[in-house]
Novice: 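Here it is: the structure, laid out below.
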Amino acid sequence: MITPAHEPPRVALVTGAGSGIGAAAAEALSSAGWQVVICGRRAEALEAVAAATGAVPLIADVTAPEVPRRLVEQTVERFGHLDGLVLNAGIVRPGTTGELTDEDWQAQLDTNLTAPFALTRAALPHLIERSGAVVGVASVSALRASGGTVGYNVTKAGLSMLMQSVAVDHGPAGVRANVVCPGWTRTEMADEEMAELGKERGLDVEKSYGLATAVLPTPRPADSAEIASVITWLLSPGASYINGAVIPVDGGLTAVDVGGLCFDPRVSIAASAHGADSLGR
């Protein structure tokens with residue numbers, strides 16, 4: 001994107017930008033000519049991203065009271081306006097409905113849903129003024145229930161509906177709000193999950209990624225930059241008629257018919273008296 005000389009550069013605030021998709025979004029937006037403010041809790045990681053991208057780092061916990069409002073205010077004080085908001089900060093705490101503790105449920109609710117709501121609310125007057133845009137980074141878990149992560153599934157689905165509601169409520173005022181739903185993407189959080197999978201199956205992280213993506217139409221994990229490119233486009237004038245969209249960026253994961261896997265020659269399924277209980281490759 002090339003900003004006309006008479007217009008100031010567009011400004012974006014990116015949360016959870018110390019690594020992974022957030023860091024990649026900061027790099028992509030900076031490369032596209034945006035002024036970028038990044039925030040996160042880990043000072044060292046955030047400073048490294050800032051040094052690499054030229055972004056302005058703000059060390060902050062988005063779940064703390066008043067922090068969302070202050071982040072927006074500091075961004076506008078620094079650059080004079082705000083055009084884009086990337087809601088990327090997120091956590092996962094494993095557990096089924098029967099297992100998940102109140103504390104882990106609340107932590108995911110605070111980070112994955114309440115903080116995005118508060119940030120969007122604080123940013124709205126500035127986004128309306130600039131006909132700006134918001135992108136929520138949800139997950140395929142917002143579209144398909146992953147086993148053992150009820151809190152993550154529910155809060156990411158909530159983030160998706162939050163963005164659609166913003167589009168419906170504030171689209172007439174010029175604001176666009178969209179959602180990306182990444183599948184398996186090489187990030188610190190995904191690496192940890194692959195390491196856990198590897199312990200169970202006797203695999204290293206790379207082979208775990210291979211197993212997790214084996215039946216995808218594009219059978220590999222995404223790179224963070226691939227998700228960031230979609231985010232950057234959604235914030236740009238090139239996506240000016242995209243509003244309220246929920247876009248899987250998942251290598252085709254959500255297109256796969258789980259019930260049809262038994263016909264896939266790459267997949268072996270062991271059946272029991274209770275039905276299929278294991279899947280391998």
Novice: Is there a donor-acceptor pair closer than 3.5 Å between any side-chain N or O of K156 and the backbone N or O of V137?
Specialist: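 Pair found, side chain donor or acceptor close to backbone of V137.
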Novice: Going by side-chain contact (heavy atoms from CB on, under 4.5 Å), name the residues that satisfy it together with Q74, two or more places apart in sequence or in a different chain.
Specialist: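 So Q74 forms a side-chain contact (heavy atoms from CB on, under 4.5 Å) with L58, R70, L71.
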Novice: Do V86 and V11 belong to the same hydrophobic cluster, where Ile, Leu, Val, Met, Phe, Trp and Tyr are linked whenever their side-chain heavy atoms lie under 4.5 Å apart, directly or via other members?
Specialist: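 No, it is not one cluster - the side chains of V86 and V11 are not joined through contacts under 4.5 Å.
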Novice: With no hydrogens and no angle check, is any side-chain donor or acceptor of N153 less than 3.5 Å from a backbone partner on A142?
Specialist: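 Absent.
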Novice: Would you name the heavy atoms of A214 and P219 that are closest together and state the gap between them?
Specialist: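 Closest pair (atom of A214, atom of P219, distance): O-CB, 4.0 Å.
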Novice: Charged N to carboxylate O below 4.0 Å: is that the case for R42 and E188?
Specialist: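 Salt bridge: yes.
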Novice: Is the shortest side-chain heavy-atom distance between T232 and S229 below 4.5 Å?
Specialist: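 No, their side chains stay 4.5 Å or more apart.
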Novice: Of the non-hydrogen atoms in L100 and R93, which two are nearest, and what is the gap between them?
Specialist: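 So the two residues come closest at CD1-O, 3.6 Å.
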Novice: Backbone N or O of L159 within a donor-acceptor pair of the N112 side chain at under 3.5 Å?
Specialist: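 No, the answer is negative, given that no donor and acceptor are paired below the 3.5 Å cut-off.
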Novice: Which atoms form the tightest heavy-atom contact between I242 and R176, and what is the distance?
Specialist: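 Scanning both residues, the minimum pair turns out to be O-NH1, 3.2 Å.
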Novice: Under 3.5 Å, is there a donor-acceptor pair between the side chain of H81 and the main chain of P9?
Specialist: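 The answer is yes, because a donor-acceptor pair under 3.5 Å joins these two groups.
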Novice: Would you indicate whether the side-chain heavy atoms of L119 and L87 approach each other to under 4.5 Å?
Specialist: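 SC-SC contact between L87 and L119 confirmed.
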Novice: At their closest point, which heavy atom of A123 faces which heavy atom of L85, and how far apart are they?
Specialist: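 So the minimum-distance heavy-atom pair works out to CB-CD2, 4.0 Å.
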Novice: Between T185 (side chain only) and G183 (backbone N and O only), is there a donor and an acceptor less than 3.5 Å apart?
Specialist: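 Here the side-chain-to-backbone pair exists.
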Novice: Report yes or no: does T15 contribute a side-chain atom to a donor-acceptor pair with the main-chain N or O of N88 at less than 3.5 Å?
Specialist: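 Yes, the answer is positive, given that a donor and an acceptor are paired below the 3.5 Å cut-off.
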Novice: What do the steps show when you test D110 against Q106 for side chain to side chain donor-acceptor pair (under 3.5 Å), and what is the final call?
Specialist: CA-CA 6 Å; D110 290 345; Q106 192 63 50; 2.8 Å; yes
Novice: Kindly give the heavy-atom pair with the smallest separation between Q108 and V92, and that separation in Å.
Specialist: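 Looks like OE1-CA, 3.7 Å.
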Novice: Quick one: pull up OG1 in T111 and CG in D61 and give me the separation to the nearest 0.5 Å.
Specialist: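 The distance works out to 7.0 Å.
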Novice: Set out, in order, the CA-CA distance, both residues' side-chain angles and the distance that settles side-chain contact (heavy atoms from CB on, under 4.5 Å) for Y152 and I91, then state yes or no.
Specialist: CA-CA 8 Å; Y152 189 73; I91 62 170; over 6 Å; no
Novice: With salt bridge (Lys or Arg N to Asp or Glu O under 4.0 Å) as the test, would you mind laying out the steps for R186 and E206 before giving the verdict?
Specialist: CA-CA 10 Å; R186 293 181 186 275; E206 195 62 31; 2.7 Å; yes
Novice: Between S165 and D169, does a side chain to side chain donor-acceptor pair (under 3.5 Å) hold up when you go through it step by step?
Specialist: CA-CA 6 Å; S165 297; D169 289 339; 5.5 Å; no
Novice: Side chains of S160 and Q164: any donor to acceptor distance under 3.5 Å?
Specialist: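 Yes, S160 and Q164 have a side-chain donor paired with an acceptor closer than 3.5 Å.
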Novice: Same hydrophobic cluster for V76 and I128, using side-chain heavy-atom links shorter than 4.5 Å among ILVMFWY?
Specialist: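 Looking at the clustering, I128 is in the same group as V76.
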Novice: Quick one: salt bridge (Lys or Arg N to Asp or Glu O under 4.0 Å) pairs with a partner in residues 211-226, sequence neighbours left out?
Specialist: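 Those involving residues 211-226 are R220-E226.
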Novice: Heavy-atom distance under 4.5 Å between the side chains of P182 and I21, does that happen here?
Specialist: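 Sidechains of I21 and P182: in contact.
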Novice: Would you say the side-chain atoms of T101 pair up with the backbone N or O of D104, donor to acceptor, closer than 3.5 Å?
Specialist: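 Looks like yes, one N/O pair under 3.5 Å.
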Novice: Among all residues two or more places apart in sequence or in another chain, which pass the side-chain contact (heavy atoms from CB on, under 4.5 Å) test with E99?
Specialist: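 Result, side-chain contact (heavy atoms from CB on, under 4.5 Å) vs E99: T96.
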Novice: Compare every heavy atom of I227 with every heavy atom of A222, then report the nearest pair and how far apart it is.
Specialist: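 Heavy-atom minimum between the residues: CB-CD1, 4.1 Å.
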